[in-house]
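Only one structure is covered here, and it is reproduced in the block below.
Model, not experiment: these values are computed from the prediction.
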Amino acid sequence: MLSVSPIEVIRDLINKHAIFASINQVVDYDKASLVAQDLGFEPSPLATTDSPAVRGEKVLSANEAMMATHNEENMVTIPPVVTIMGHVDHGKTSLLDTIRKTKVAAGEAGGITQHIGAYQVEVNNKKITFLDTPGHEAFTAMRARGAQVTHIAIIVVAADDGVMPQTREAIDHARAAKVPIIIALNKIDKANANPDHVKQQLTELGIVIEEYGGDTVCVPISARRGEGIDELLDYILLVAEVQDIKANPDRLATGVIIEAKLEKNSGATATVLVQQGTLQMGDNIVVGAISGKVRAMFNDRGKRIQKATPSTPVSILGLPEVPNAGDRLVVTEDERTAKQLAETEDMKRKDEAMPLGQVTLDTLYMQMQKGTVKELNVVIKSDVQGSLEAIKGSLSKLGEDNLKVRLIHEGIGQISETDVYLASASKAIIIGFNVKADVTAAREAMREGVDIRYYTVIYKLIEDIQAALVGMLEPTYREVINGHAEIIQTFKAGKTVIAGCRITDGKITRGSEIRLTRNDEKVFEGKVASLRRGKDDVREVLTGYECGILLEDYNAYEVGDIIEAFAQERVVTRS
C-alpha cells in the first residue's frame, strides 16, 4: 500500500527511530504509523481483530462469559460443564467412575483409548460434561484453571467424615469462580454416617441447603453402591436449566486448554473445552503465544471427529509446541492473523515480569486508577483462630465504594501451594500472620507472581492494606550479598592506596555497593571505584581470583580487612 520496499521500511525504522526489526517481525501500530508519516501518509488504526481472550484482559468465569454473550443471536442451550471437588478420600474418583460406567454405553466404554481430562455423559437425552479429577492432589493445580470453565461445582463430602480443610478450600474455589454449588453427601451407606452433622457444618460455612431453607442442593449418594447417582444427575440438569446455559455455535470458536502433553508419535496434544462457537478441522488457532492449525480432532471416546460444539471436550493435534494448561484458544479468520496475534502475545509475556493481571499491594492503586481492579481479593492464613477473627473484623471496615477488600479464603497453618493456586486464580494477595509459606508454596508464588505478605502485628497489616488502597504504600527492599574479598596486601600509587584482594566467595563488580569490615566491625561503606587484574580494568572478578580494588574516598586499608559487596533488591514479600 505504501509502494516502498521492505528494505526502505527497515532502514527508516533503524535510522530514524532506533528500532531494529527484521523483515518478518510484527511492529506495533505506534511504530508503524511513524514510518507511514515519514513517507507522507496519514495512518489511522483499523478496528482490531484481537479478542479479549488473547489480549489478556480480565478472564471471566464460565458463567460471567456466558452472561456477557447472552444477548447474541443464534444462542442455543449447551451442556453444563461440571467440576467435582472435595477432600481427599471422600469419593470424588469413585463418583466419576460410577457415572462413567453407568452412563457411557457399554460398547463405547471399552473403546476409550486415551485420557483427555474431560468426558461427556447423556442423561434423559441431555448431555453433561465432566472435568475429570483424578484425585485431589492432581487436581489442586487444575482448580485455578477449572474454576474459569465450570458452570456447576459438585462438592463431595463424606457423611462419616464431615467437612475437612480441603472441603473448605474447594468451597472457596467455587465461590471465587462464582458458580452454583451442589453438595454430594457421599458414603451414606456407612454405619457411622451422620448426614445431619455434615449439614450443620456446611451451614457454619455459609452453605445453607434447601432442607434448611437455603438454596443449595444436597443429594445423599453412595458412589460405591451407585445409590443416588441418577438423582444427582437430574439435579445437575435442573440447576443447569435454571442457569439457562447458552452459547452461540455459529461464530468463530473460543475455548480453554484443560490438559496438554507431548506424545511420542503424534507430538503436541492439547485437550480443549470449547466454550463458544464450533471448532472445526482445518481451523487456524491461537493458543496463548502459540499459533497453529487443527490437523486432527478426537472426542473423549478416542474417535476422530470433524467438529466440536460448545461444552464439548476434544483432543487436538496441530500445535507446534505444548501450550500451557489454562491458556485460551481462539480461532482466527486466517493463518496470518493467528501468527500475528501469537507473536504479539509472546512479546507481551516476555515484556511483563509478572503474569497477566496479577495484583500486588505495590501496584494496587495504579490498577485501581486504570479501572482494572474494583476489589482487593485477600487470602489470609494465621497461626490461631483468635488473630484470624480480629484481622477479618478490621479488614471488613477498610475500603470505599470504588474499592473494597474481599476475603476469598481463610485458614489456620502454613501458607500452602493450594493457597497460592487459589490466589492466582482469584487475582488475590496472600497474608500470612505469624505463619510462613512452605518451600513449595514460596516457589510457586514466585512463578505465578502472587504477592505474599508476612506480618506479626495486626495494626501494621491493616496500615499497609489501607495505604495500598489510597496509593501510599512504600516499596519493600531487601539486602542481597553478592560476594566477599579479603585484603591480602596494599599498594601505593602516588596518594592513592590500592587494596590487593582475593575473592573468597561470590563476585565483586565495579560500581557495586560495599561494606568494609575489620574484626567483624564496619569501618566504611561506599562504592567500588575501580577493579583491576594486572594492568587491565575489569568489570567483575569471581571467586578464587586475585585483583586490585580501589574504593571511592577511602585509603585506610589494612591487611585482613573484608570487603563485602551487596545490593538492594525490591521485593513483593514482607518479612
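Two residues are said to be in side-chain contact when any heavy atoms from C-beta on lie closer than 4.5 Å; E211 and K199 meet this criterion. No side-chain heavy atom of V287 sits less than 4.5 Å from a side-chain heavy atom of R328. Counting heavy atoms from C-beta outward, Y455 and I462 have side chains that stay 4.5 Å or more apart. Residues I257 and T271 are not in side-chain contact: their nearest non-hydrogen atoms beyond the backbone lie 4.5 Å or more apart. Between T332 and L252 there is no side-chain heavy-atom pair separated by less than 4.5 Å. When side chains are defined from C-beta on, I171 counts as touching L205, because their heavy atoms get closer than 4.5 Å. The side-chain heavy atoms of L96 and I84, taken from C-beta on, include a pair separated by under 4.5 Å. Using a 4.5 Å heavy-atom threshold, the side chains of I183 and V157 count as touching.
The distance from the CG atom of L319 to the CG atom of D327 is 10.0 Å, given to the nearest 0.5 Å. Rounding to the nearest 0.5 Å places SG of C218 at 12.0 Å from CD1 of I155. Rounding to the nearest 0.5 Å places CD1 of I465 at 6.0 Å from CG of L395. In this structure, CG on L422 lies 6.5 Å from CD1 on I408, to the nearest 0.5 angstrom. The CD atom of E463 sits 13.5 Å away from the CD1 atom of I458 when rounded to the nearest 0.5 Å. To the nearest 0.5 angstrom, L233 atom CG is 13.0 Å from K126 atom NZ.
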* To do: Could you go through the side chain to side chain contact (heavy atoms under 4.5 Å, CB included) check for L131 and I258 one step at a time?
  => CA-CA 8 Å; L131 291 188; I258 302 300; 4.1 Å; yes

* Asked: Step by step, would you call V242 with D244 a side chain to side chain contact (heavy atoms under 4.5 Å, CB included)?
  -> CA-CA 5 Å; V242 173; D244 193 21; over 6 Å; no

* Kindly determine whether I452 and I415 satisfy side chain to side chain contact (heavy atoms under 4.5 Å, CB included), including the steps that lead there. => CA-CA 9 Å; I452 301 181; I415 296 166; 3.8 Å; yes

* Taking it one step at a time, do I182 and L232 satisfy side chain to side chain contact (heavy atoms under 4.5 Å, CB included)? -> CA-CA 9 Å; I182 295 176; L232 178 63; 3.9 Å; yes

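Atom CD of E210 sits in a crowded spot, with more than 12 heavy atoms from other residues, nucleotides or ligands closer than 6.0 Å. For K307, the NZ atom counts as loosely surrounded, since its 6.0 Å shell holds 12 or fewer non-hydrogen atoms of other residues, nucleotides or ligands. Heavy atoms from other residues, nucleotides or ligands lying under 6.0 Å from CG of D215 number 12 at most.
In terms of modelled atom types and a separation under 3.5 Å, the side chain of T98 and the main chain of S94 share a donor-acceptor contact. Counting only distance, with no hydrogens or angles, the side chain of N186 and the backbone of A223 share a donor-acceptor pair below 3.5 Å. The closest donor-acceptor contact from the side chain of T167 to the backbone of M164 lies under 3.5 Å. Of the possible polar contacts, none joining the D283 side chain to the I285 backbone as a donor-acceptor pair under 3.5 Å is found. Q201 places a side-chain N or O within 3.5 Å of a backbone atom of V163 that can act as its donor or acceptor partner. Side-chain N or O atoms of E448 include none that pairs as donor or acceptor with a backbone N or O of S424 at under 3.5 Å. Not a single donor-acceptor pair under 3.5 Å links the side chain of H409 to the backbone N or O of V379. A donor-acceptor pair under 3.5 Å is formed between the side chain of D300 and the backbone N or O of Q120. Without hydrogens or angle criteria, T129 side chain to V81 main chain gives no donor-acceptor distance under 3.5 Å.
Contact between Q414 and D419 at its shortest, heavy atoms only, is O-OD2, 3.9 Å. Taking all atoms of both residues into account, the shortest heavy-atom contact from D438 to S416 is OD2-CA, 3.8 Å. Scanning all heavy atoms of the two residues, the minimum distance from A423 to V450 falls at CB-CG1, 3.8 Å. Across all their heavy atoms, T203 and Y212 have their closest contact at OG1-CD1, 3.6 Å. Heavy-atom minimum distance, S311 versus I78: OG-CD1, 3.4 Å. Here the closest heavy-atom approach between residue V179 and residue T150 is recorded as CG1-O, 3.1 Å.
In this model, no donor atom of one side chain and acceptor atom of the other lie less than 3.5 Å apart for Y235 and E231.
A cation-pi arrangement is found for K436 relative to Y454, the charged atom lying closer than 6.0 Å to the ring centre and inside a 45° cone about the ring normal.
In summary, K460 and D464 engage in a salt bridge, as defined by a charged side-chain N under 4.0 Å from a carboxylate O. Using a 4.0 Å cut-off between charged side-chain N and carboxylate O, R453 and D451 make a salt bridge.
When each of L273, V272, V274 is checked for a side-chain contact (heavy atoms from CB on, under 4.5 Å) with P313, only L273 meets the rule.
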